[in-house]
Amino acid sequence: MSAQLSRRDLLRFSAIGLGAAAIAGVAAGCAPVAGGGGAAAPSKTPAGPTDFSFASWGMSEDATKAALGPTISSFAKKDGITIDTPSYPFNDYLGQLTLQVRGGQFSGAAQLDVAWLASLAALGKLTDLGSYAKGRGYTPAALNAGQFDGVQYGLPWTIAAIGLITNTELFEKAGVSNTPATIDEYEDALKALKGLGVIPYAASTKTAQLKDFIVWAQTFGSPIVEDGKCTIGDAASVDAVTWYKKLYDQGLITADVDRGAARTLFSQGKTAIYDDAPAGRAGVLKNSSDPELGSKMAPIARPVLKKGDTPQELLWGHLVVVVDGKGAGTASDFAQWLTSDPAQEISYFSALGLPPTTEEALAASAVQANPFVNSFTELVTKDAKASALWQFPQYAQMENAVAEQVQAVLIGASSPKDAMKTAGEQITRLIG
Amino acid sequence: MTGILTAKSASIDPTTVDPTPTRAAVAADPRRSDRRRGRPRWAIWLTLLVVGAFAFLPVYWLVVTSLTPNADVFAFPPRLFPTTITFEHYADVLANPAILGFLGNSIWVSAITAVLSVVVSMYMGYAFSKFRFRGRASLMYFVLSSQMFPQALLLVTLYVVFAQFGLLNTYQALVISFTTFTLPLCVWMLKGFFDALPDELIEAAKIDGAGHWRTLHSVILPLAAPGLVAAGLFAFVRGWNDFIFALTLAGPEKQTLPPGLVNTYIGEASTAWPELMAASLITSIPVCIAFIALQRFLVGGITAGAVKG
């Protein structure tokens, strides 16, 4: 090609390209939404109720949206305000909310998983809701779930645990007690259930959910974190992973199981036990061809190493936090009302089966009449504790480090001792 | 035998005819050709069958799942042919106005992205192909190198920039971010296309008195139409399929289909697979129609520039 581009030509073509970009950008156009200020604001609003945002994943899921939408509308109507409801998928929620808060684009109330509190509190923009928590009748355990570094950053909305859920019919068929109390009894029960041709225990074996192993390590006596130091790699954690591998080798647990697969297996009657929170029950029943499955589902306390030990249960639940800034005061009022107004709590429970967090609501007849939730509260939630790793903002990487090493043991790529030592070292590095 | 030309009737002694086929005849006979190369036809068919199964089984499964009642979706062993068919999931999807909103957003944003990408890359590709200027090669590779950055890194940067300019939660944010990804490949695609067009065309236009502008728009672009369509389709599909940028930058009102569907059907404790499959099938129809309508341009555009001369 012999054409030579002059500076004038180059400028001309560049200008055309940029002009086209500008025109198309304008053509794309709805009015831009101004970014939020992100500046600190007082928690109280002496001037009266103001508009605010309520971020959630609940407003994007059909079942919760149907229950939550009218609730939010009624609060907004009562105060004559507007509540924006940005929503993100559960799996992407924390990342999106963190980006919004860190970028100063979000203020107001936000739904939060109990595991995420430390990560979000570390951004330094959450409001202390201690004064809003007083005198509302929250249970001590629920209030504790919303605290980080002694500050009440979150008001508890629904609090339960991730516990063992059994199919009582399969237990009966196998001729075993539905209450194996110790690890040894549990193992015997699994062996009996295997005789039915089902997967006895749909324990997590995929890396994505192998963090479930941590509660078994605690059952064997490992504190996971003690005095700010990681204890994984101790004899108890090695014993726990050795036991897990034994179950795997004996076919008492199976490969490629995560929470979704476990729910599917349980809904199809292909497994007798799996780990879940009460929130998973509705999905399991929806996908089951057995209309009686609901009455066969029963939670059991996690077996202990020796009689007299306290069962180890992992806390699960949702909080409402308030990010300081525009509308934070009214958002705090909303958070308090949403999580502790008795009528509101019972209505939310009736719609979704998610356990409330105040003494009054827990004692209500609607809650007491639900045998599954009552059993779950009595057998599992009462012993539930937050994961020892949740106090660290890097908890997800830490759980992943454990999961990868347990996976390595299951597939025979590492010995229990080496794997736990490696996991412990990785977590220690993350603690810093 | 009447009407049939035989060796005898043509006074040709069959015993004198060499039975060995000519090299051209062998080449023309695919069965012989395959055998000589050690590839029996059944192997080719088997390969095609396996590849076809990989390509179409997921689509088939998507259709089957969307027609299966909830209680049968996870039946074990899985059923290749559903025993009960239901259209309730399609009805649910079509009754959900949010899905149609996501669809509209996707069409709008992807179309603007495609137009913007084609227009800008058309001028850039032409400049890179037909002009010689200092730093040309370096600039070309610099443009391409922008493809090497991880999306997550660009996402945070774009988020901060858009926040500063008040562009978050707007269509403009999506279009600009999608275009940053599509432009480099569109430029290279079109450069290859322009390279294949003979320079004599430009020289002839010059002799006739046409400037760069006239030459490009009256002579080059009509010939480059297949390339432009191919680049446009590429950009459209890139915008259509994006998840993370749309989720982060669009806000709830401007969200496109990928984050919209995930937001609607994938929950904390369960996933509405049949509805998700039905929605995916319904919303893929516009793209399928666009591909069918433009596929002849697409094939021509992609192969353009492969052989220069």
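The chains referred to below are lettered A, B, ... by the order of the sequence lines, with proteins before strands, and numbering in each begins at 1.
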Novice: How far does CD of A:Q268 sit from CG of B:D72, to the nearest 0.5 angstrom?
Specialist: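 Going from CD on A:Q268 over to CG on B:D72, the span is 8.5 Å.
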Novice: Which region of A:D276, side chain (C-beta onward) or backbone (N, CA, C, O), has a non-hydrogen atom less than 4.5 Å from a non-hydrogen atom of chain B, or is it both or neither?
Specialist: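 Nothing of A:D276, per the 4.5 Å heavy-atom cut-off to chain B.
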Novice: By a 4.5 Å heavy-atom criterion (distance strictly below it), what part of A:S87 contacts chain B: side chain, backbone, both, or neither?
Specialist: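 Backbone plus side chain of A:S87, per the 4.5 Å heavy-atom cut-off to chain B.
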Novice: Once you round to the nearest 0.5 Å, how far does CG of B:N169 lie from CD of A:Q105?
Specialist: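 Answer rounded to 0.5 Å: 8.0 Å.
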Novice: Name the region of A:K270, side chain, backbone, both or neither, that has any atom closer than 4.5 Å to a heavy atom of chain B.
Specialist: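 Only the side chain of A:K270 comes within 4.5 Å of chain B.
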Novice: I want to check something: taking the side chain as every heavy atom from C-beta on, are B:I266 and A:F90 in contact at a cut-off of under 4.5 Å?
Specialist: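 B:I266 does not reach A:F90 side chain to side chain.
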Novice: What pair of heavy atoms forms the shortest contact from B:G267 to A:E61, and how long is it?
Specialist: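 So the two residues come closest at CA-OE2, 3.1 Å.
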Novice: What is the distance from atom CG of B:N70 to atom OG of A:S289, rounded to the nearest 0.5 Å?
Specialist: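 B:N70 atom CG to A:S289 atom OG measures 11.5 Å (nearest 0.5 Å).
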Novice: Select one option (side chain, backbone, both, neither) describing which atoms of A:D84 are under 4.5 Å from chain B's heavy atoms.
Specialist: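 Interface part for A:D84: neither.
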Novice: Does B:I244 reach the side chain of A:Q96, with side-chain heavy atoms less than 4.5 Å apart?
Specialist: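 They are in side-chain contact.
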Novice: Which atoms of B:F243 come close to chain A, meaning under 4.5 Å heavy atom to heavy atom: side chain ones, backbone ones, both, or neither?
Specialist: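 The side chain, not the backbone.
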Novice: Give a yes or no on whether B:W273 atom CH2 has more than 12 heavy-atom contacts from other residues, nucleotides or ligands under 6.0 Å away.
Specialist: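 Incorrect, the count does not exceed 12.
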Novice: What are the two closest non-hydrogen atoms of B:E268 and A:W57, and how far apart are they?
Specialist: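 So the minimum-distance heavy-atom pair works out to OE1-NE1, 3.2 Å.
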Novice: Looking at CG of B:N263 and OH of A:Y88, how far apart are the two atoms once the value is rounded to the nearest 0.5 Å?
Specialist: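 The OH atom of A:Y88 is 9.5 Å from CG of B:N263, to the nearest 0.5 Å.
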Novice: Count the heavy-atom pairs under 4.5 Å between each of B:T179, B:N96, B:L247, B:V160 and chain A, then report the option with the highest count.
Specialist: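 Most heavy-atom pairs within the cutoff with chain A belong to B:L247.
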Novice: What is the distance from atom OG1 of A:T264 to atom CZ of B:F74, rounded to the nearest 0.5 Å?
Specialist: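 If we round to the nearest 0.5 Å, A:T264:OG1 and B:F74:CZ are 4.0 Å apart.
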Novice: Taking all non-hydrogen atoms of both residues, which atom of B:A269 and which atom of A:A279 are closest, and how far apart?
Specialist: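 Minimum heavy-atom contact is CB-O, 3.4 Å.
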Novice: How about CD on B:E253, more than 12 heavy atoms from neighbouring residues, nucleotides or ligands closer than 6.0 Å, or not?
Specialist: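 No, CD of B:E253 has 12 or fewer neighbouring heavy atoms, counting only those of other groups under 6.0 Å.
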Novice: So does A:K65 have more than 12 non-hydrogen atoms from other groups sitting under 6.0 Å from NZ?
Specialist: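 12 or below, so no.
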Novice: Taking all non-hydrogen atoms of both residues, which atom of B:S270 and which atom of A:G283 are closest, and how far apart?
Specialist: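 The pair with the smallest heavy-atom distance is CB-CA, 3.9 Å.
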Novice: Step through the shown structure and confirm whether more than 12 heavy atoms of other residues, nucleotides or ligands are within 6.0 Å of CZ on B:R214.
Specialist: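 Not buried by this count: 12 neighbours or fewer within 6.0 Å.
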